[in-house]
**Q** 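One structure, pasted below without further comment.
Order of the sequence lines sets the chain letters (A, B, ...), proteins ahead of strands, with each chain counted from 1. A quick note: this is a predicted structure, and the numbers were derived from the prediction, not measured.
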Protein chains: 2
Amino acid sequence: MDTEQLSKLIDRYLEASFTVNRRLSALTRDLLPDELTLDQSFALRYLRENGCTTSSELAEVFCVGKSSITAIVTRLSDKKLIERVPDEKDRRVTYLKATSEGERLTRQFDSRLEELLCQYLSHFTDDEAFGFIELYERLAAALVQARERSESEEG
Amino acid sequence: MDTEQLSKLIDRYLEASFTVNRRLSALTRDLLPDELTLDQSFALRYLRENGCTTSSELAEVFCVGKSSITAIVTRLSDKKLIERVPDEKDRRVTYLKATSEGERLTRQFDSRLEELLCQYLSHFTDDEAFGFIELYERLAAALVQARERSESEEG
DNA sequence: TCGAATAGTTTCACTATTGAACTATATAGC
DNA sequence: GCTATATAGTTCAATAGTGAAACTATTCGA
């Protein structure tokens, strides 16, 4: 691919991803339970899917500083949607765990979200959908790898 | 596609898009000129690409309220990166326009961004990249249409 | 054992966001 | 023309998320 084509492709990507992100966030926010913000729902879903997790891990996954996570976790904890569980051995670390109410809320939200996304899936054939998601996952993997590489260089 | 498959596909999409968005935003923020935030750079790019634009239009495109746009525009204006140009005929509307400095900054940023994204593009064949972007654009278009449809129902 | 690393919190300043109240202007119906 | 109403944009107060720096508590390593 020549530079010209490359540049156009990237422009198209930036445009499309901006549109998709903004519109989908807006639609998604409408489905959110009153108790949750979008970021809080992401945190809660991550805890639900990944079991015991620390603030540091969340910070890595969310690509933000630990103080951001403290803020989010404190709000969720105030609302009794997650618990802080201290590690027995290493008393510096505290694990985070969704409460049953927290879990209930994310499952409710997820099912609404699934319903929403199904509508848009209908614009694509099965092959298109699977092809798309495969490439998207490869992009995600490449981005995760890049991070790991740059960390091992530092360390 | 049966419900089970559908549900898994959507989970995979949510996971991949979360990862891509978070990681790419983080990498992108590192490339940002000191004068700009990410959202400000998006606004400025939109103005650069779309010529004279109003706050209302920006609010639509960004899927936020007009008061958010006022805030962003005021900050950009304080930094002399955009100008407010009053409409001669309808004195309620003011057009927004990137200053030459504003334009310079976004172009600089865009070229850094292009460099970054090129690295990740190398993980894909040309056909894969074009196929991906085509589907992504169709998704974006579907989301825009959905909005327009729901607006015409209201109006 | 002492100094360095690590986990997490606090605080501060800032950006983005919403929603409601508000100003100013334009427009449509009578 | 006059008056309702709609529209464009701003202001204000409240809230969430964020980074950076300072801080506490704990663990680890030389």
**Q** Are B:S68 and C:dT18 close enough that a side-chain N or O sits under 4.0 Å from OP1 or OP2?
**A**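 True: B:S68 side-chain N/O within range (under 4.0 Å) of C:dT18 OP1/OP2.
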**Q** Specify the residue among A:R29 and A:T54 whose closest nucleotide of DNA chain C lies further upstream toward the 5′ end.
**A**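 Comparing both residues, the 5'-ward one is A:T54.
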**Q** Please state whether the phosphate of C:dC14, meaning OP1 or OP2, lies under 4.0 angstrom from any side-chain nitrogen or oxygen of B:R75.
**A**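 Answer is no, no contact under 4.0 Å.
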**Q** If you go through the side-chain atoms of A:S67, does one of them form a donor-acceptor pair with the base of D:dA20 closer than 3.5 Å?
**A**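 Answer is yes: a donor-acceptor pair is held.
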**Q** Regarding A:I72, tell me which of base, sugar-phosphate or nothing describes its non-hydrogen contacts under 4.0 Å with the strands shown.
**A**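 Sugar-phosphate, no base atom in range.
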**Q** Can you tell me the pairing partner of D:dA14 across any strand shown, Watson-Crick or G-U wobble, with both distances under 3.5 angstrom?
**A**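 Base partner found: C:dT17.
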**Q** What about A:R92, does its side chain sit under 3.5 Å from the base of C:dT6 through a donor-acceptor pair?
**A**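 Counting by modelled atom types and ignoring angles, a donor-acceptor contact under 3.5 Å is found here.
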**Q** Could you measure the distance from the CD atom of A:E114 to the SG atom of A:C118? Nearest 0.5 Å is fine.
**A**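 Here the interatomic distance stands at 5.5 Å.
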**Q** Based on the glycosidic angle (syn within 90° of 0, else anti), state the conformation of D:dA4.
**A**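 This nucleotide is in syn.
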**Q** Distance check: side-chain N/O of A:R22 vs OP1/OP2 of C:dA16, anything under 4.0 Å?
**A**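 For C:dA16, neither OP1 nor OP2 has a side-chain N or O of A:R22 closer than 4.0 Å.
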**Q** Give one of base, sugar-phosphate or nothing for B:S55, where a contact means two heavy atoms less than 4.0 Å apart.
**A**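 Counting heavy atoms under 4.0 Å across all strands, the contact made by B:S55 is with sugar-phosphate only.
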**Q** Salt bridge or not for B:D30 and B:R112, using N-O below 4.0 Å?
**A**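 Salt bridge: no.
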**Q** Give the nucleotide from the list D:dG17, D:dG9, D:dG19 with an atom nearest to the side chain of A:D39.
**A**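 In terms of side-chain proximity for A:D39, the closest of D:dG17, D:dG9, D:dG19 is D:dG17.
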**Q** For the side chain of A:K66, starting at C-beta, report the closest nucleotide among C:dA26, D:dT27, C:dT9.
**A**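 That would be C:dT9.
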**Q** Under 4.0 Å between a side-chain N/O of A:R91 and OP1 or OP2 of D:dA25, yes or no?
**A**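 A:R91 to D:dA25 OP1/OP2: no side-chain N or O under 4.0 Å.
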**Q** One thing to verify: whether A:R45 and A:E49 come together as a salt bridge, which I'm taking to mean a side-chain N less than 4.0 angstrom from a carboxylate O.
**A**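 Salt bridge: no.
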**Q** For the side chain of B:T94, starting at C-beta, report the closest nucleotide among D:dG9, C:dT15, C:dT17.
**A**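 Of the options given, the side chain of B:T94 lies nearest D:dG9.
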**Q** Does C:dT9 have OP1 or OP2 under 4.0 Å away from a side-chain N or O of A:T74?
**A**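 Result: no.
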**Q** Nearest 0.5 Å please: distance from the CD1 atom of B:I82 over to the NZ atom of B:K97.
**A**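 It is 11.0 Å, given to the nearest 0.5 Å.
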**Q** Taking the six-membered ring for Trp, are the ring centroids of B:F124 and B:F132 within less than 6.0 Å of each other?
**A**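 No, the ring centres sit 6.0 Å or more apart.
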**Q** Any base atoms under 4.0 Å from B:T70, or only sugar-phosphate, or nothing? Heavy atoms, all strands.
**A**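 The answer is base, as B:T70 lies within the cut-off (heavy atoms under 4.0 Å) of a base atom.
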**Q** Please work out if B:T37 contacts a base, only the sugar-phosphate, or nothing of the nucleic acid, heavy-atom cut-off 4.0 Å.
**A**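 Sugar-phosphate: the residue B:T37, judged by heavy atoms under 4.0 Å, touches backbone atoms but no base.
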